[in-house]
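Order of the sequence lines sets the chain letters (A, B, ...), proteins ahead of strands, with each chain counted from 1. Just so you know, these numbers use all the heavy atoms, side chains as well, and skip hydrogens, waters and symmetry mates.
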Amino acid sequence: MTDLLGLRTHRNGDLREGDVGTDVVLCGWVAKRRDHGGVAFIDLRDASGVVQVVIHDEAVAHPLRSEFCLRVTGTVTRRPEGNDNPNLATGTVEVEATEVEVLSDSAVLPFPIEEHEATQVSDEVRYKYRYLDLRRAESAAAIRLRSDVNRTARRVLHDEDFVEVETPTLTRSTPEGARDFVVPARLRPGSWYALPQSPQLFKQLLMVGGLERYFQIARCYRDEDFRADRQPEFTQLDIEMSFVTEDDVIALGERIVRELWALIGHEIDTPIPRMTYAEAMERFGSDKPDLRFGVELTECTELFAGTTFKVFQAPYVGAVVFPGGAGQTRKQLDAWQDWAKARGAKGLAYVLIGDDGELKGPVAKNLSDAEKDALPGHVGAEPGDAIFFAAATPRAARALLGAARGEIARQAGLIDESAWAFTWVVDAPLFEPTSETDDVAVGSGAWTAVHHAFTSPKPECIDTFDTDPGSAVAYAYDIVCNGNEIGGGSIRIHRRDVQERVFQVMGLGPEEAEEKFGFLLEAFRYGAPPHGGIAFGWDRICALLSGAPSIREVIAFPKTGGGFDPLTSAPAPITAQQRKEAGVDARPEQPAATKVEPTTPQPT
RNA sequence: GGUCCCGUGGUGCAGUUUGGAGUGCACGCCGGCCUGUCAAGCCGGAGGUCGCGGGUUCAAAUCCCGUCGGGACCGCCA
């Protein structure tokens, strides 16, 4: 490694007893100052750590303040007997200063950098002064871990002969599901670029281009509302391969994930188990089940097939057991009703099992004796447990029960926070009815793609997916960690005829498909190889690895929930001159609907 | 688009339920003292548009309405 020490001879955190007697020059920031009058101690921090500097000249030490940037000349000495600090890696030595140069002084800080105990600073202030926040060990560690994560992924992928390719970030708006960020095109007033929601189409074109193995740590943009784990711009590790099967992509994905978790000292058992989408929904009420705990759903439709209880006269009745939940107060049980209503349900029916085994609660008296006798055994509930029910369409009821399952686990303390539970969820449906999603972004048909429009049906439904879309299974796979979808991908459609049939199911006619995806369909005319890939949610993976509650912690300069950057104050108004130049206000010459654009031109 | 929580010296909080003088705590900051600390200690001091606007009231940090900002969640995010 090149010696890049520059203005200094050593890094602060590297000094040890073996360096005693060495004359050193150090650089760094004043982390802490302890001035005793005749002698003063400065904790000098750089990226490597902290070392104690001793200054015997009061006139030198006194003006120094927190976060002054210093260059210190001195000698490494053994600390006097009994003065070691076992909390510091450098705690047995100190640097006797002979000269202190103030490289840069510091204004009074807006918040404390050296934190000792619980003093939390609001995210907004931290991100406004992110450059100060990054001086804090915890923040810096998260950013450094992300760098390690990037390096590891690149190493693995280069090992496997992957080619790192950068794809455009000024591209064409292609309806993929989310709202696009758009950028006015100065040279073509009235026309707009879109920022990519993912490099999906480009990576498929790279496969047509014969690169065979592509990857990119790709920035993606989606103009949707934000959450703790969603930012308007985010990063994917994007991968695509030609001439591969689902098993090949999964095997590569497992190698990557294994090596990433090895960074934090966790060994993932491979192969990672797989379950089908249908199984995940039936057992866990989620397409991204958290497998750190049990509490599985039980279907009770049969059990209540002849019930007189109107609420349970539904296409699907399911239950989930809250172990020990019978002891909840009325207030807690009412809170569950509010919780369910917040999720769009009418409420959450429940039965409590007393210690004597008797079923209690408002629902119990609506059940027949036979139903009451069979219920505990059927759902696996014991005296002292509570049973929650949902009765509706399978889809809606399972979603509610799945959410309840997670909430039960949190409340009952069933989650082992140190555990890592991975699973692949495979065989997702290819289509879902638009009526259940209101998602009409792509096409106008009764069906829309669950994954995206380029996902291949599995071979067994290649002939039937357009005659029976509801039963078609996609060649898709998601990897789930502790209830988080950390990656997902699919084998793509490489046949133009299949692609056209998929578009047709989605109500996308040839003309419209041509207008929106013409360049891809055109490419597929020229010997497109079978291909597939996967994209990992890079921010989320980094957040999981660093134990951060939000992906903001692993983003160098994150935005707040309103998409606002508190540091630069972006977004900001532009001048009238900028508006004019950018062509923001240009009006299309014709209404867009009647204007069919030429198919192929796709400048890159 | 919806629900909930938060907004009080530079930072983090308490005070709001039950209206009564900008009251309190910790950290930080400034000055002084102090030669072995490491969350140094001791003494003294400065620092406030209680997010903003309106209303109720003799009186509002406190009650009401609106609004802005932050956070979490639902919708949304293939």
Glu407(A) CD to rA72(B) P, in whole Å, measures 16 Å
Let's test your reading of the model: under 3.5 Å, does the base of rC77(B) pair with the side chain of Arg222(A) as donor and acceptor?
no
When Gly561(A) and Glu94(A) are each assigned the nearest nucleotide of RNA chain B, the 5'-most assignment goes to Glu94(A)
Between Asp123(A) and Arg179(A), the residue closer to the 5' end of RNA chain B by nearest nucleotide is Asp123(A)
- prompt: Is there a donor in the side chain of Asp133(A) and an acceptor in the side chain of Ser139(A), or the other way round, less than 3.5 Å apart?
  reply: yes
Check whether the side chain of Arg227(A) and the base of rG75(B) form a donor-acceptor pair under 3.5 Å.
yes
Suppose you measure atom P in rC4(B) against the same atom in rG44(B); what distance do you get, rounded to whole Å?
48 Å
Next on the checklist: Does a side-chain N or O of Arg33(A) approach OP1 or OP2 of rU37(B) to a distance below 4.0 Å, or not?
Outcome noted: no
*Write down the distance separating the C1' atoms in rG1(B) and rG19(B), rounded off to the nearest Å.*
36 Å
Would the Phe503(A) and Phe517(A) ring centres measure less than 6.0 Å apart? yes
As its Watson-Crick or G-U partner within any shown strand, both distances under 3.5 Å, rA60(B) has none
Rounded to whole Å, the CG-P distance (Asp565(A) to rG70(B)) equals 12 Å
Item to check | Gap in Å between the two P atoms, one belonging to rG66(B) and one to rA26(B), rounded | outcome: 39 Å
Here the distance between atom P of rC76(B) and atom CD of Glu432(A), to the nearest Å, is 10 Å
By the Watson-Crick or G-U definition, both distances under 3.5 Å, rG24(B) is matched with rC13(B)
Please determine if Asp427(A) and Lys458(A) form a salt bridge, counting it only when a charged side-chain N lies under 4.0 Å from a carboxylate O. yes
Handout entry: Short side-chain N/O contact to rU37(B) OP1/OP2 from Asn83(A), under 4.0 Å
Key = yes
Is Pro80(A) touching bases, backbone alone, or none of the nucleic acid, heavy atoms closer than 4.0 Å? base
Rounded to whole Å, CD of Glu96(A) lies from C1' of rG36(B) at a distance of 11 Å
Are the charged groups of Glu500(A) and Arg496(A) less than 4.0 angstrom apart, N to O?
yes
* Using a heavy-atom cut-off of under 4.0 Å over every strand shown, decide if Asp35(A) touches base, sugar-phosphate, or nothing. => base
Is a donor from one side chain sitting under 3.5 angstrom from an acceptor on the other, for Gln216(A) and Thr167(A)?
yes
Check: Say you pick atom P in rU57(B) and the same atom in rC64(B); how far apart are they, in whole Å?
Finding: 16 Å
Worksheet item: Quantified in whole Å, what is the C1' atom distance between nucleotide rU67(B) and nucleotide rC13(B)?
Response: 26 Å
| task | Using a 4.0 Å heavy-atom cut-off across all strands, classify Asp84(A) as base, sugar-phosphate, or nothing. | result | base
For a quick test of reading the model: is some side-chain N or O of Ser122(A) closer than 4.0 Å to OP1 or OP2 of rG71(B)?
no
Taking a pair to mean Watson-Crick or G-U wobble geometry with both distances below 3.5 Å, rC4(B) pairs with rG71(B)
Presence of donor-acceptor pair under 3.5 Å, side chain of Gln120(A) and base of rU11(B): no
(message) What's the gap between rC76(B) and rC29(B) when it is taken at their C1' atoms, as a whole Å value?
(response) 46 Å
Atom CZ of Arg230(A) and atom C1' of rA72(B) are separated, to the nearest Å, by 12 Å
note: His451(A), atom NE2; rC77(B), atom C1'; distance rounded to Å ~ 14 Å
Against the side chain of Glu58(A), the closest entry in rC74(B), rC34(B), rA39(B) is rC34(B)
As its Watson-Crick or G-U partner within any shown strand, both distances under 3.5 Å, rU35(B) has none
**Asked** Does Arg11(A) CZ have over 12 foreign heavy atoms under 6.0 Å away?
**Response** no
- Message: In this structure, is the centre-to-centre distance between the rings of Trp336(A) and Phe388(A) below 6.0 Å?
- Response: yes
Regarding the side chain of Val54(A), the nearest nucleotide among rG36(B), rG31(B), rC29(B) is rG36(B)
Per the atom types in the model, does the base of rC34(B) pair as donor or acceptor with the side chain of Arg34(A) at under 3.5 Å? no
Exercise. Is any NZ, NE, NH1 or NH2 atom of the basic residue among Asp225(A) and Arg230(A) found under 4.0 Å from an Asp or Glu carboxylate oxygen of the other?
Worked result: no
Of rA40(B), rU11(B), rU35(B), the nucleotide closest to the side chain of Lys32(A) is rA40(B)
Of rG69(B), rG36(B), rC76(B), the nucleotide closest to the side chain of Glu124(A) is rG69(B)
Out of rG70(B), rU37(B), rG32(B), minimum distance to the side chain of His62(A) belongs to rG32(B)
In Watson-Crick or G-U wobble terms, with both distances under 3.5 Å, the base opposite rG47(B) is none
Any Lys/Arg nitrogen of Arg33(A) or Glu114(A) sitting under 4.0 Å from an Asp/Glu carboxylate oxygen of the other?
no
message = Under the criterion of centre distance below 5.5 Å and interplanar angle below 30°, is Phe111(A) classified as stacked on the base of rU11(B)?
response = no
Picking from rG70(B), rA40(B), rA72(B), the nucleotide nearest the side-chain atoms of His36(A) would be rA40(B)
Picking from rU35(B), rA39(B), rC38(B), the nucleotide nearest the side-chain atoms of Arg79(A) would be rC38(B)
Which of rG70(B), rG10(B), rC38(B) is nearest the side chain of Thr560(A)? It is rG70(B)
Here the distance between atom P of rC77(B) and atom NZ of Lys559(A), to the nearest Å, is 22 Å
To the nearest angstrom, the CH2-P distance between Trp336(A) and rC74(B) comes to 14 Å
Arg126(A) side-chain N/O to rG70(B) phosphate OP1/OP2 under 4.0 Å = no
- Task: With P as the reference atom in both, quote the distance from rA46(B) to rC25(B) in angstrom, rounded to an integer.
- Result: 14 Å
Looking only at rU11(B), rC29(B), rG36(B), the nucleotide nearest the Val121(A) side chain is rU11(B)
What's the gap between rA59(B) and rG54(B) when it is taken at their P atoms, as a whole Å value?
15 Å
From the candidates rG1(B), rC38(B), rG70(B), the one with an atom nearest any side-chain atom of Asn85(A) is rC38(B)
